There are 2 protein chains.
Amino acid sequence: MKKFFNVLKKCPLFFNIADNDLDRMLHCLGAKVVSFDKKYSVFTEGSSAKHIGIVLSGKVQMTRTDYYGNRSIISNATAGEIFGEAFACAEVGSIPVSAISLEPSEVMLIECSHILHTCTNNCGFHQQLIFNLMKELATKTLVFHQKLEITSKRTTREKLMTYLSICAKQVGSDSFDIPFDRQELADYLEVDRSGLSAEISKLRAQGVLETTKKHFELL
Amino acid sequence: MKKFFNVLKKCPLFFNIADNDLDRMLHCLGAKVVSFDKKYSVFTEGSSAKHIGIVLSGKVQMTRTDYYGNRSIISNATAGEIFGEAFACAEVGSIPVSAISLEPSEVMLIECSHILHTCTNNCGFHQQLIFNLMKELATKTLVFHQKLEITSKRTTREKLMTYLSICAKQVGSDSFDIPFDRQELADYLEVDRSGLSAEISKLRAQGVLETTKKHFELL
DNA sequence: AAAAGTATGTTGAATTTTCAACAAAATCGG
DNA sequence: CCGATTTTGTTGAAAATTCAACATACTTTT
């Protein structure tokens, strides 16, 4: 596990956990590392929701696909980020979303009950873990509010501009990269891809923005 | 505070807290009760996010209104339910939503830092409170997933049917009441009210459902 | 370097939504 | 109980989205 310590130290779940406690803790939690090739499922919609995932390397995407085949992208997670924690913490039977690896990825899986319910060894770090988990859940809720703010807009143009404005604000610059290609961006904004492309062209023609591939610049 | 004990005992924040501890605890937390007339703001968009709200009586609605005046309804909270906890827990500067009383309401406000950071009295219930808060945040995330599932649908008809199906499932019956009037339902589904009314009429004509006011029946 | 596959942009037709305006029904206040 | 207000339903026109089909650009593989 040692080789992942640099990533884990950045993971909010382990905030305030001393370095030399980490190894013992992971053992106590029964943490395991699993590798996934590109486009493999980490979690499948409908499967049981016992584990919290932590991305160690690569990229994992949370999606849902409805009855008619419309894919909806919930979020992307990269190294150090947590996913699936809400379903595991709420102790629901099955997950309403899928998690797939966008690249070859390594993922740490921790059974959530090991975090929530104090082990017999009385390790003493459970309280800190639960506190960290709570913080993470609160932060994730804010991310959802942001996504709702974006998708509640009524037109493709407004959705896109709201999303790009948030990106610019987060980066602190009008020039930035987004983590989505065009189809993914459409699935994140919940709009039609070709309509999105058309709208981007229009915005470019009107001098509102410049873009090449995943790079955007607001003018 | 005694007169609210029946409500507070049903509040998930106080799960597993002994009855005779509750009074002392509320005092220690600096909980205060505030009354609001109909249509008053409990929280205003942009204000600081320090307090968790608990509805003691009445009804509180979380909304956001965008630049163009489109109102978006996030959720309704009735007696025993918590609101605003995510912003307080995440310790963000300001709230991105408003909370307004739909009826004359009484609300308990607790400064979140009093829950998160152990007090000098060493009361010993903070760990349980934090655990409960974590559970609540996880549950709320599931509610958000549900709202996203609904609003990610592309047509008014699909959004409505998805929402009604979820209602029916929760109640365990095809006959149920919804907590929204038509305008509120439209704002929750993020669609135009008149379009929603037209769609409901169509569904009625097609024998898919029956409805009078807030009562719906799926056929 | 060519071929195959993938991603992006473009277009027009069909569908759907929004918007505005109004009528009818229900509710509220005195 | 009546008048005033609010809610709901209806309609048609304008705007926007979706859908399908295709052309072009870009990547990857062999």
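Chain letters run A, B, ... following the sequence lines, proteins first and then strands; every chain starts at 1. Predicted model, so just to flag it, every value in this text is computed and none were measured.
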Rounded off to whole Å, could you give me the [atom1]-to-[atom2] distance for the [X] and [N] pair?
| X | N | atom1 | atom2 | answer |
| --- | --- | --- | --- | --- |
| B:Asp187 | D:dT8 | CG | P | 11 Å |
| B:Ile200 | C:dA25 | CD1 | C1' | 16 Å |
| B:Lys202 | C:dT15 | NZ | C1' | 10 Å |
| B:Lys214 | D:dT7 | NZ | P | 10 Å |
| B:Lys153 | C:dT15 | NZ | P | 22 Å |
| A:Leu160 | C:dG9 | CG | P | 12 Å |
| A:Glu158 | C:dT17 | CD | P | 17 Å |
| B:Leu203 | D:dT10 | CG | P | 12 Å |

Exercise. Distance only, no hydrogens: is a donor on one side chain within 3.5 Å (strictly under) of an acceptor on the other, for B:Glu136 and B:Asn132?
Worked result: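 Looking only at side-chain atoms, B:Asn132 and B:Glu136 do not form any donor-acceptor pair under 3.5 Å.
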Exercise. Does B:Arg71 come within less than 4.0 Å of B:Glu184, counting only side-chain N to carboxylate O?
Worked result: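 Result for this pair is no, no salt bridge flagged.
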Exercise. If you measure from CE on A:Met25 to CD1 on A:Ile115, what distance do you get to the nearest 0.5 Å?
Worked result: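 Rounded to the nearest 0.5 Å, the CE-CD1 separation comes out at 9.5 Å.
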Do any side-chain atoms of residues 190-210 of chain B form donor-acceptor pairs under 3.5 angstrom with protein atoms, and if so which ones, sequence neighbours left out?
residue: B:Glu190; atom: OE1; partner: B:Ser72; partner atom: OG; Å: 3.0
residue: B:Glu190; atom: OE2; partner: B:Ser72; partner atom: OG; Å: 3.2
residue: B:Glu190; atom: OE2; partner: B:Lys147; partner atom: NZ; Å: 3.4
residue: B:Asp192; atom: OD2; partner: B:Ser194; partner atom: N; Å: 3.3
residue: B:Asp192; atom: OD2; partner: B:Ser194; partner atom: OG; Å: 2.6
residue: B:Asp192; atom: OD2; partner: B:Gly195; partner atom: N; Å: 3.1
residue: B:Glu199; atom: OE2; partner: B:Arg157; partner atom: NH1; Å: 3.2
residue: B:Ser201; atom: OG; partner: B:Ser197; partner atom: O; Å: 3.2
residue: B:Arg204; atom: NH1; partner: B:Thr211; partner atom: O; Å: 3.1
residue: B:Gln206; atom: OE1; partner: B:Arg157; partner atom: NH1; Å: 3.4
residue: B:Gln206; atom: OE1; partner: B:Arg157; partner atom: NH2; Å: 2.5

Exercise. Which part of the nucleic acid, if any, lies within reach of B:Ser201 when heavy atoms closer than 4.0 Å are counted: base, sugar-phosphate only, or nothing?
Worked result: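 Here B:Ser201 touches the backbone only, sparing every base.
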Exercise. Using the C1' atoms of five pairs at each end, what's the angle between the two axes of the helix from C:dA1-D:dT30 to C:dG30-D:dC1, to 10 degrees?
Worked result: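 Nearest ten degrees gives 60° for this helix.
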For this session: Mind jotting down which residue pairs meet the side-chain hydrogen bond (donor to acceptor under 3.5 Å, both in side chains) criterion with at least one end in residues 34-54 of chain B? Sequence neighbours excluded, please.
Result: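 For residues 34-54 of chain B, and leaving out neighbouring residues, there are no side-chain hydrogen bond (donor to acceptor under 3.5 Å, both in side chains) pairs at all.
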Exercise. Are the ring centres of A:Phe43 and A:Phe87 closer than 6.0 Å?
Worked result: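 Ring-ring flag for A:Phe43/A:Phe87: false, centres at least 6.0 Å apart.
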For this session: Report, as a single string ordered 5' to 3', how protein heavy atoms within less than 4.0 Å touch nucleotides 12-30 of chain D: B base, S sugar-phosphate only, - not at all.
Result: ----SSBBB------S---
Exercise. So, the side chain of A:Ser105 versus the backbone of A:Lys59: is there a donor-acceptor pair under 3.5 Å, distance only?
Worked result: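 Confirmed, A:Ser105 side chain pairs with A:Lys59 backbone.
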Exercise. Mind checking what makes salt bridge (Lys or Arg N to Asp or Glu O under 4.0 Å) contact with A:Glu103, not counting sequence neighbours?
Worked result: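 A:Glu103 satisfies salt bridge (Lys or Arg N to Asp or Glu O under 4.0 Å) with no other residue.
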Problem set entry | Set of residues satisfying salt bridge (Lys or Arg N to Asp or Glu O under 4.0 Å) with respect to A:Glu81, sequence neighbours excluded |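 Here no residue qualifies.
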For this session: Map B:Asp181 and B:Ala198 onto DNA chain D by nearest heavy atom, then report which one ends up closer to the 5' terminus.
Result: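 This one resolves to B:Asp181.
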